[in-house]
Amino acid sequence: MSTGKRAGSRKGARPPRTLNRAALVLGAAITVCVVAWGYLVFAAIDFGTAARGGSSSAWMFMALACLGAIACLFTGLLLVARLMRALGITSPPEPADEAPRPVGGKRAAR
């Protein structure tokens, strides 16, 4: 234990935690997408059962439910990627360091 005018904790006080609203909204949107995906998969199975039973219009509803389920799952995965970025788990891609192309092509550069 040291005493003196410069003695003390070297760490500063922690800043208070704030609510990350972007992450909260993304989490809610992901939840909605997953619930909708589950419902559409269940509906597609139900329509498929009805279609195999002889209902010809059920094939169209099954196809629409399958497409909706695909869209919900894809959107949910995109939102998970955005949530990871909002939480700081991943970082945005770095821009490619390409030399600018000369105006006029290779012959004009000579």
Side-chain angles (χ1 to χ4, degrees):
M1 190 159 159
S2 58
T3 58
K5 63 181 178 179
R6 299 194 194 277
S9 175
R10 297 214 179 253
K11 291 183 180 179
R14 286 188 177 179
R17 288 188 130 180
T18 59
L19 183 64
N20 190 346
R21 292 187 191 275
L24 187 65
V25 169
L26 286 171
I30 290 168
T31 303
V32 168
C33 282
V34 169
V35 169
W37 172 78
Y39 177 76
L40 287 169
V41 166
F42 180 77
I45 292 170
D46 193 36
F47 286 131
T49 304
R52 291 194 59 159
S55 174
S56 61
S57 65
W59 288 108
M60 183 185 64
F61 290 123
M62 184 193 71
L64 288 174
C66 288
L67 288 174
I70 291 168
C72 284
L73 188 60
F74 183 72
T75 304
L77 289 174
L78 287 177
L79 291 173
V80 166
R82 293 188 90 172
L83 178 67
M84 294 247 200
R85 185 156 312 157
L87 293 176
I89 297 172
T90 59
S91 59
E94 295 181 14
D97 293 333
E98 292 183 15
R101 299 184 85 189
V103 177
K106 292 181 182 178
R107 295 184 84 184
R110 290 185 206 164

Close side-chain approach of [X] and [Y], heavy atoms under 4.5 Å:
X: Pro92; Y: Arg85; result: yes
X: Leu87; Y: Leu83; result: yes
X: Cys33; Y: Leu73; result: no

Taking [Y] as the starting point, is it possible to reach [X] by hopping between hydrophobic residues whose side chains are less than 4.5 Å apart?
X: Val25; Y: Leu19; value: no
X: Leu64; Y: Phe47; value: yes
X: Phe61; Y: Leu40; value: no
X: Leu26; Y: Val34; value: yes
X: Met60; Y: Met62; value: yes

Check: Thr31 side chain, Gly27 main-chain N or O, donor-acceptor pair, under 3.5 Å: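 Side chain of Thr31 to backbone of Gly27: a pair is present.
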Spacing of [atom1] belonging to [X] relative to [atom2] belonging to [Y], to within rounding of 0.5 Å:
X: Thr75; Y: Ile70; atom1: OG1; atom2: CD1; answer: 11.5 Å
X: Leu77; Y: Ile30; atom1: CG; atom2: CD1; answer: 9.0 Å
X: Ile45; Y: Cys66; atom1: CD1; atom2: SG; answer: 9.0 Å

Ala29 versus Leu79, closest heavy-atom pair with distance: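 Residues Ala29 and Leu79, closest heavy atoms: CB-CD1, 3.7 Å.
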